[in-house]
Novice: 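Attaching a single structure in structure tokens format; questions to follow.
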Amino acid sequence: MKKLTAISVLGFMLILNVYAQSDPASVNGISEKDNQFQNTVTINEFNSLVKTLRGIYNFITDTGLQIGINEEQPASSLTLDVGGRIGAEEYCDANGEHCIDPTTWDARPQLELQPPAANCQIKYRIKDAKYVSDWQETGLNNDPIGRTASFNSGLITNCSGSGCGVQMSLKCSPNLAVTENASCRLRYRMNHLKQRSLTPWVTTDITKGDTWTDGRWSEVVTAEGAWGDGLNIQVGIDCTDQTLRCQVGYKLHNEVEKPDWKISDLTNGPGWKDGGNNFLSANVGRACDQRIGCGLQMQSRCVGTTSILKTALYKCPSERESSCPSLCMGQISVDEKCSYQRLGADKECNVLLTETCEKIGHLVQ
């Protein structure tokens with residue numbers, strides 16, 4: 001419902017005020033008036049006023065006054081509902097403070113996922129009683145899966161005697177932009193299905209930069225066993241550096257079976273993250289024979305910490321000196337501190353002051 005009367009005076013005064021503050025010759029092409037006609041309204045001015053008022057709708061509702069501009073039915077939750085664009089050089093709060101420049105108000109903090117503190121690589125090989133595979137190693141984070149380390153023995157008792165075994169080595173090259181150290185270590189074990197107790201873990205030393213830290217062989221020995229009686233392997237990783245989160249994956253295979261990958265959880269501070277047992281039953285007489293043989297494949301991956309995904313946001317104070325540089329202008333920031341300069345005795349901006357920003361929440365990416 002339209003109530004033009006209620007705002008006609010307001011609209012009329014508004015338009016006259018616009019005309020009074022503008023160059024008369026530039027408003028809608030209306031010619032400048034002689035002095036004797038300054039207090040009169042021309043036909044063009046009247047038509048412009050009516051056209052403006054027709055686009056304004058005034059409502060008195062249970063929640064108070066509502067005004068719609070080019071909106072016949074303003075949303076019930078709005079005091080002013082504008083159908084169209086609103087332009088201004090600045091937008092301010094109810095007190096005319098904390099103004100925002102619309103050309104920069106979408107300049108949000110640029111967040112990136114924290115890079116990993118290191119690229120961790122695993123070197124590995126496997127063996128039976130007579131044959132040892134070549135060393136293989138995983139790649140960096142962008143190529144984390146290594147090639148298969150395999151041997152072809154053709155023996156049905158290939159885990160007898162000195163048995164079947166696995167050996168691993170770890171290297172973590174630190175990302176110096178994140179940390180100076182990459183303190184991780186591996187543990188691993190190979191078990192035979194018929195063993196009465198689990199083979200003890202073999203643990204590598206803590207990594208030291210670009211140096212490989214080798215573990216010894218983890219072997220499974222049985223007097224009557226063969227690969228076909230079943231084997232499994234288990235691997236874990238521990239990273240003591242809070243900025244580094246890593247995981248390992250592995251799978252065995254023989255001529256017949258190729259189990260799925262077993263992948264550990266990501267580390268999150270000190271503590272082992274072990275993957276599940278990768279089991280190989282191999283119910284065949286010559287499981288490592290022919291071209292495929294028996295093998296082990298591994299992967300390793302490191303990611304950034306998750307803490308950066310939930311970044312603290314701060315509301316900085318408005319301290320500043322208009323003629324000096326300032327980082328304290330009431331902005332929302334991911335930095336807890338902001339600084340501004342004041343004029344010194346020599347009238348130069350050489351007094352640096354730092355303010356603590358108020359924590360207001362988190363930015364989650």
Side-chain angles (χ1 to χ4, degrees), residues 122-138 145-170 184-205 213-238 246-265 267 271-289 292-300:
I122 301 173
K123 186 166 60 174
Y124 52 98
R125 61 180 178 174
I126 59 172
K127 73 180 183 72
D128 72 352
K130 292 187 175 182
Y131 299 91
V132 179
S133 73
D134 294 332
W135 281 103
Q136 301 294 343
E137 63 184 65
T138 61
I145 300 178
R147 294 187 300 177
T148 301
S150 32
F151 63 84
N152 304 71
S153 71
L155 301 176
I156 61 175
T157 57
N158 52 14
C159 286
S160 301
S162 60
C164 288
V166 59
Q167 186 181 21
M168 296 186 187
S169 182
L170 181 66
C184 296
R185 56 182 179 164
L186 281 179
R187 69 178 183 181
Y188 52 93
R189 58 186 176 183
M190 178 176 277
N191 292 294
H192 196 282
L193 184 62
K194 291 187 176 181
Q195 271 187 235
R196 295 180 179 178
S197 60
L198 294 176
T199 304
W201 288 104
V202 172
T203 304
T204 66
D205 293 332
T213 56
D214 297 339
R216 57 181 175 79
W217 283 99
S218 174
E219 295 181 342
V220 53
V221 180
T222 175
E224 61 184 45
W227 188 281
D229 290 329
L231 291 171
N232 67 70
I233 187 173
Q234 189 177 16
V235 186
I237 188 169
D238 172 30
C246 293
Q247 62 185 160
V248 294
Y250 45 93
K251 64 178 179 178
L252 291 165
H253 78 76
N254 64 16
E255 297 286 341
V256 179
E257 295 178 315
K258 296 180 180 179
D260 293 332
W261 285 97
K262 295 293 184 180
I263 300 177
S264 71
D265 292 333
T267 59
W272 288 103
K273 292 296 183 182
D274 301 325
N277 288 313
N278 194 266
F279 178 72
L280 194 66
S281 65
N283 292 317
V284 292
R286 301 170 70 85
C288 297
D289 202 359
I292 299 176
C294 291
L296 168 68
Q297 191 174 16
M298 303 217 41
Q299 61 174 288
S300 63

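All heavy atoms count here, side chains included; hydrogens, waters and symmetry mates do not. Keep in mind that what you see is a predicted model, and the values were worked out from it rather than measured.
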Novice: Quick check: do K127 and E219 have side-chain heavy atoms less than 4.5 Å from each other?
Specialist: yes
Novice: Rounded to the nearest 0.5 Å, how far does CG of N277 lie from CZ of R189?
Specialist: 7.0 Å
Novice: For the backbone of G146 and the side chain of Q297, can you confirm whether one donor and one acceptor N or O come within less than 3.5 Å of each other?
Specialist: yes
Novice: Tell me the closest heavy-atom pair linking S218 and V202, and the distance in Å.
Specialist: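 Closest heavy-atom pair between S218 and V202: CB-CG2, 3.8 Å.
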Novice: State the CG-CG distance between D205 and L186, to the nearest 0.5 angstrom.
Specialist: 11.0 Å
Novice: Answer yes when D265 and K273 have at least one side-chain N-carboxylate O distance shorter than 4.0 Å, and no when they do not.
Specialist: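 No, D265 and K273 are not salt-bridged.
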Novice: Would you indicate whether the side-chain heavy atoms of I145 and W261 approach each other to under 4.5 Å?
Specialist: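 In short, these two side chains touch, coming nearer than 4.5 Å.
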Novice: Taking side chain as C-beta onward, heavy atoms only, is R185 less than 4.5 Å from T203?
Specialist: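 Sidechains of T203 and R185: in contact.
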Novice: Taking the side chain as everything from C-beta on, heavy atoms only, tell me whether Q299 gets closer than 4.5 Å to I263.
Specialist: yes
Novice: If you compare all heavy atoms of S133 against all heavy atoms of A149, which two are closest, and at what distance to 0.1 Å?
Specialist: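 Heavy atoms only, the tightest pair is OG-CB, 3.5 Å.
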Novice: Please lay out, stage by stage, how M168 and V166 fare under the test side chain to side chain contact (heavy atoms under 4.5 Å, CB included).
Specialist: CA-CA 7 Å; M168 296 186 187; V166 59; 3.8 Å; yes
Novice: Any non-hydrogen side-chain atom of F151 less than 4.5 Å from a side-chain atom of R125?
Specialist: no
Novice: Which value, rounded to the nearest 0.5 Å, describes the distance between S300 atom OG and Q247 atom CD?
Specialist: 9.5 Å
Novice: Nearest 0.5 Å please: distance from the CG atom of N191 over to the OG1 atom of T199.
Specialist: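 Going from CG on N191 over to OG1 on T199, the span is 4.0 Å.
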Novice: Within the structure provided, determine whether L198 and Q234 are in side-chain contact (heavy-atom separation under 4.5 Å).
Specialist: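 No, every pair of side-chain atoms sits at 4.5 Å or beyond.
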Novice: Answer yes or no: is there a side-chain heavy-atom contact under 4.5 Å between I126 and C164?
Specialist: no
Novice: Which atoms form the tightest heavy-atom contact between K123 and W135, and what is the distance?
Specialist: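 What the structure gives for the nearest pair is CG-CE3, 3.1 Å.
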Novice: What pair of heavy atoms forms the shortest contact from M298 to Y124, and how long is it?
Specialist: N-OH, 3.5 Å
Novice: What are the two closest heavy atoms between D260 and N278, and how far apart are they?
Specialist: O-ND2, 2.8 Å
Novice: Roughly how far, to the nearest 0.5 Å, is the CG atom of N254 from the OG atom of S150?
Specialist: 11.5 Å
Novice: Which atom names give the shortest non-hydrogen contact between T204 and G215, and what distance separates them?
Specialist: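 Answer, listing the atom of T204 first, then G215: CG2-N, 3.7 Å.
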Novice: Does the side chain of I122 reach to within under 4.5 Å of the side chain of Y188, using non-hydrogen atoms?
Specialist: no
Novice: Say you draw a straight line from CG of L231 to CZ of F279; how long is it, rounded to the nearest 0.5 Å?
Specialist: 8.5 Å
Novice: Do D274 and R187 pass the side chain to side chain contact (heavy atoms under 4.5 Å, CB included) test, and can you show the C-alpha distance, the side-chain angles, and the key distance before you say yes or no?
Specialist: CA-CA 8 Å; D274 301 325; R187 69 178 183 181; 2.5 Å; yes
